[in-house]
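Data first, discussion second: the structure below is written as structure tokens.
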Number of protein chains: 2
Amino acid sequence: MSKSETKVLHALERVGGFASAQELHMVLKRNQEAIGLTTVYRALQSLVADKSVDLLRREDGEAIYRLCGDAHHHHLVCKNCGKTVEIEGGVIEKWAQKSGEEHGFRDIGHTAEIFGICSDC
Amino acid sequence: MSKSETKVLHALERVGGFASAQELHMVLKRNQEAIGLTTVYRALQSLVADKSVDLLRREDGEAIYRLCGDAHHHHLVCKNCGKTVEIEGGVIEKWAQKSGEEHGFRDIGHTAEIFGICSDC
DNA sequence: AGCAGAAATGGAAATGGTTGTCATTTTCAA
DNA sequence: TTGAAAATGACAACCATTTCCATTTCTGCT
């Protein structure tokens with residue numbers, strides 16, 4: 001594991017959830033852990049390829065990253081105020097795995113998000 | 001409904017599934033239905049706001065659109081060759097609805113996609 | 001029909017996240 | 001130490017999407 005990958009992992013731990021490449025870059029800058037933006041992107045690519053980090057998408061398409069090994073869960077997001085609740089998703093894991101296998105797929109992953117309007121909005 | 005929105009809806013029917021804004025623009029060009037790219041984007045924004053069209057994301061973050069009212073289903077996509085299989089997702093509908101309600105959300109929707117490597121790859 | 005104001009249109013330029021390029025620096029084995 | 005290979009980062013290129021703005025089309029009114 002290269003030095004930059006270590007730094008990026010460390011930054012991901014610090015933010016403790018999701019972060020975009022640009023956000024991680026800013027976090028690293030603020031902590032005298034200076035590292036180029038290009039290198040952050042490269043490190044994230046390797047980490048995703050190694051399955052050390054998960055890649056998701058925000059609603060606007062921006063890529064966001066999360067440490068694997070975090071309990072795998074999904075999100076319930078308010079379309080109005082952005083409030084986010086973590087949801088248990090065992091049902092989904094099984095559904096994805098089963099559906100994939102039935103069609104002869106391997107190396108199966110999935111994304112699932114729920115959105116709506118929260119009680120405060 | 002403006003003229004351009006009609007054209008875009010028509011193009012979406014013709015492609016019969018998912019299409020990006022750029023793809024829809026090309027489809028329209030090819031069929032003497034010339035219309036500016038900007039207008040395609042604007043029409044899609046309105047249609048999404050009206051809930052006439054659904055907005056999803058490809059894995060690379062590009063926005064893709066689909067007619068609402070199509071039987072609601074999900075997709076199993078090969079990460080390697082792009083082959084797509086439509087999947088029945090009743091389980092997911094229930095899971096999304098239930099999870100949302102439990103947290104006091106209303107107007108609940110969801111996205112879910114499965115991806116993997118297909119048997120031909 | 002003729003007119004004014006509003007809405008729609010589309011080409012060009014701007015934006016912003018992401019990736020490619022390439023010269024320089026660091027690492028590491030011989 | 002030394003030379004090849006990998007890593008790094010500033011900068012430019014890319015591409016989907018949005019913004020800008022001048023022009024055209026629509027609409028209601030007389």
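Here the structure is a predicted model, which means the values were calculated and not measured. Naming: A, B, ... by sequence-line order, numbering from 1 per chain.
- A/Arg106 is linked by a side-chain contact (heavy atoms from CB on, under 4.5 Å) to B/Ile117, counting only residues two or more places apart in sequence or in another chain.
- Scanning for side-chain contact (heavy atoms from CB on, under 4.5 Å) contacts around B/Glu88 gives an empty result, with sequence neighbours left out.
- The salt bridge (charged side-chain N to carboxylate O under 4.0 Å, His left out) check on A/Lys98 picks up A/Glu102, with sequence neighbours excluded.
- A/Gln45 comes within contact range of the sugar-phosphate backbone alone, with a heavy-atom separation under 4.0 Å but no base atom that close.
- Every ring-ring contact (aromatic ring centres under 6.0 Å, His included) that B/His75 has, sequence neighbours left out, goes to B/Phe18, B/His73.
- Taking for each of A/Arg42 and A/Leu37 the nucleotide of DNA chain C with the nearest heavy atom, the 5'-most of the two is the partner of A/Leu37.
- A/Ser20 comes within 4.0 angstrom of nothing in the nucleic acid, heavy atoms only.
- Residues passing the salt bridge (charged side-chain N to carboxylate O under 4.0 Å, His left out) test with B/Arg58 are B/Glu23, B/Glu62, sequence neighbours excluded.
- The outermost nucleotides of DNA chain C lying under 4.0 Å from heavy atoms of chain A, listed 5' to 3', are C/dG17 to C/dT27.
- Through direct or indirect side-chain contacts shorter than 4.5 Å among Ile, Leu, Val, Met, Phe, Trp and Tyr, A/Ile114 is connected to A/Leu76, A/Val85, A/Ile87, A/Val91, A/Ile92, A/Trp95, A/Phe105, A/Ile108, B/Leu76, B/Val85, B/Ile87, B/Val91, B/Ile92, B/Trp95, B/Phe105, B/Ile108, B/Ile114.
- Mapping B/Thr38 and B/Glu62 onto DNA chain D via the closest heavy atom, the residue that lands nearer the 5' end is B/Glu62.
- When each of A/Leu28, A/Val27, A/Asn31 is paired with A/Lys7, the side chain to side chain contact (heavy atoms under 4.5 Å, CB included) condition holds for A/Leu28 and for no other.
- End-to-end axis angle for the helix from C/dA1-D/dT30 to C/dA30-D/dT1, using five pairs per end and rounding to 10°, comes out at 20°.
- Judged by distance alone, the side chain of B/Ser52 and the main-chain N or O of B/Val48 form no donor-acceptor pair under 3.5 Å.
- For A/Glu93, the side-chain contact (heavy atoms from CB on, under 4.5 Å) partners are A/His72, A/His74, A/His110, not counting sequence neighbours.
- Comparing B/Ile64 and A/Val40 against DNA chain D, the residue whose closest nucleotide sits nearer the 5' end is A/Val40.
- When the ring-ring contact (aromatic ring centres under 6.0 Å, His included) test is applied to A/Phe115, no partner is found at least two apart in sequence or on another chain.
- Scanning DNA chain D 5' to 3' for nucleotides with an atom closer than 4.0 angstrom to a non-hydrogen atom of chain B gives a first and last hit of D/dA16 to D/dC26.
- By the side-chain contact (heavy atoms from CB on, under 4.5 Å) test, A/Met26 is found to be paired with A/Arg30, residues two or more places apart in sequence or in another chain being considered.
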